[in-house]
Participant: 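Quick one: the structure is below, questions incoming.
Since we're looking at a predicted model, the values are computed, not measured. Both counts, for ligands and for their atoms, begin at 1 and track the order of listing.
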Amino acid sequence: MKKFEENIRRVEPYVPGEQPAGSNIIKLNTNESPFAPSTMVQMAIASMMPEDLRKYPDPEAKALVKEIASYYDVDESKVFVGVGSDDILGMSFLTFFNSDKPVLFPDITYSFYDVWAELYGIKYEKIPLTDEFEIDPKKYKKENGGIVFANPNAPTGIALPKAQVEEIIAANPDSVVIVDEAYIDFGGETVLDLIDKYENLLVVRTFSKSRALAGMRVGYAFGSETLINALKDVKFSYNSYTLNVAAIRGAKAAIKDDEYFRNLVDEITKTREETKMTLKKMGFDVLPSATNFLFAKHESMDAKDIYEKLKEKDIYIRYFDKPRIDNYIRITIGTKEQMNALVMALEDIIK
Ligand code: PMP
């Protein structure tokens with residue numbers, strides 16, 4: 001190792017799902033929307049002038065913050081936006097988890113949480129999900145330096161009822177509790193209305209799934225002014241201009257087209273339930289999902305095998321080679337046609 005290399009920060013990065021190129025591929029591996037965003041998004045971007053691009057964007061993305069605040073009936077001072085919810089979550093780890101006590105999160109959850117904790121040198125403890133893969137609020141009643149979990153959880157898809165989410169928040173007034181609601185539009189109960197009751201609650205959301213804008217990279221969060229101001233201070237200590245002009249405009253337009261949004265969510269949740277029934281008939285044990293994906297294991301066939309054989313047929317799903325879940329596959333809900341193709345491929349593989 002060369003001398004200069006000794007000072008390099010070494011981290012084990014998060015590994016996102018593959019983004020294969022090719023038009024024949026059925027991509028059910030990263031929980032994107034199978035549908036295009038609202039045409040209003042395209043129009044908003046197309047109406048940009050060179051002048052809009054010459055200047056820096058508004059560092060506070062006020063136009064977007066205002067739109068989100070008004071849609072969700074929350075004060076603008078309680079809204080924060082970022083480059084996808086990953087940006088907000090990463091920044092939140094840096095901002096709120098500044099204690100010697102460990103941050104708590106489930107053993108099976110979004111696998112970026114331990115990556116951020118490692119990156120920032122934050123102590124953490126993984127709290128096991130129950131045997132049914134549920135979050136047990138009782139296990140979050142111990143000393144900690146913060147709490148973060150996804151609800152509905154990923155990659156399980158299971159939602160924790162609101163009363164139990166509140167039980168966790170109420171039991172932890174001395175730490176910041178982050179509820180990652182990336183998939184909340186597809187099911188589950190939000191705790192958004194609890195941000196006024198609990199000053200230590202941050203609710204994080206994204207445009208990537210239900211609003212079909214993963215490529216645009218826009219996330220948003222709700223919390224007390226205390227939390228939002230702290231986030232802003234850290235953001236302005238790192239990168240003032242997070243959201244670009246197109247992202248601010250596009251996301252704003254996506255919020256405006258509410259009917260389109262509701263139709264997309266409806267279609268995806270219907271397809272999810274149909275696919276779930278079909279998979280069950282094929283010998284899969286499918287966990288109850290409140291998201292735009294299904295988490296399932298087959299009664300006889302190995303999960304990794306299924307994943308690899310589907311890939312040979314140009315169908316990409318997600319497989320996690322991790323304890324407790326290495327016999328499960330995660331399937332993003334696509335269009336009805338894509339799901340039919342998946343089922344046909346699975347029938348072929350399983351026989
Ligand atoms: N939270 C969870 C639970 C997720 O699954 C994802 C998607 N990978 C994210 C946050 C991040 O999504 P984005 O950065 O696209 O908003």
Participant: Determine yes or no for a side-chain-to-main-chain donor-acceptor pair under 3.5 angstrom, with Thr291 supplying the side chain and Gly157 the backbone.
Facilitator: no
Participant: Is the ring centre of Tyr110 less than 6.0 Å from the ring centre of Tyr14?
Facilitator: yes
Participant: Show the nearest heavy-atom pair for residues Arg217 and Asp86, with the distance to one decimal.
Facilitator: NH2-OD2, 3.9 Å
Participant: Filter the ligand 1-protein atom pairs down to N or O on both sides and distance under 3.5 Å, then list them.
Facilitator:
{"unit_1": "ligand 1", "atom_1": "1 (N)", "unit_2": "Asp180", "atom_2": "OD1", "d": "3.3"}
{"unit_1": "ligand 1", "atom_1": "1 (N)", "unit_2": "Asp180", "atom_2": "OD2", "d": "2.7"}
{"unit_1": "ligand 1", "atom_1": "5 (O)", "unit_2": "Tyr183", "atom_2": "OH", "d": "2.6"}
{"unit_1": "ligand 1", "atom_1": "8 (N)", "unit_2": "Tyr110", "atom_2": "OH", "d": "3.2"}
{"unit_1": "ligand 1", "atom_1": "12 (O)", "unit_2": "Ser85", "atom_2": "OG", "d": "3.2"}
{"unit_1": "ligand 1", "atom_1": "14 (O)", "unit_2": "Ser85", "atom_2": "N", "d": "3.2"}
{"unit_1": "ligand 1", "atom_1": "14 (O)", "unit_2": "Asp86", "atom_2": "N", "d": "3.0"}
{"unit_1": "ligand 1", "atom_1": "14 (O)", "unit_2": "Asp86", "atom_2": "OD2", "d": "3.3"}
{"unit_1": "ligand 1", "atom_1": "14 (O)", "unit_2": "Arg217", "atom_2": "NH2", "d": "2.7"}
{"unit_1": "ligand 1", "atom_1": "15 (O)", "unit_2": "Ser208", "atom_2": "OG", "d": "2.6"}
{"unit_1": "ligand 1", "atom_1": "15 (O)", "unit_2": "Arg217", "atom_2": "NH1", "d": "2.7"}
{"unit_1": "ligand 1", "atom_1": "16 (O)", "unit_2": "Ser85", "atom_2": "N", "d": "2.6"}
{"unit_1": "ligand 1", "atom_1": "16 (O)", "unit_2": "Ser85", "atom_2": "OG", "d": "2.6"}
{"unit_1": "ligand 1", "atom_1": "16 (O)", "unit_2": "Thr206", "atom_2": "OG1", "d": "2.5"}
{"unit_1": "ligand 1", "atom_1": "16 (O)", "unit_2": "Ser208", "atom_2": "OG", "d": "3.4"}

Participant: By the rule that ILVMFWY residues connect when side-chain heavy atoms come within less than 4.5 angstrom, directly or transitively, which residues belong alongside Ile8?
Facilitator: Phe4
Participant: More than 12 heavy atoms of other residues, nucleotides or ligands under 6.0 Å from NZ of Lys336: yes or no?
Facilitator: yes
Participant: Taking only Lys NZ, Arg NE, NH1 and NH2, and the carboxylate oxygens of Asp or Glu, determine whether Arg10 and Glu5 approach each other closer than 4.0 Å.
Facilitator: yes
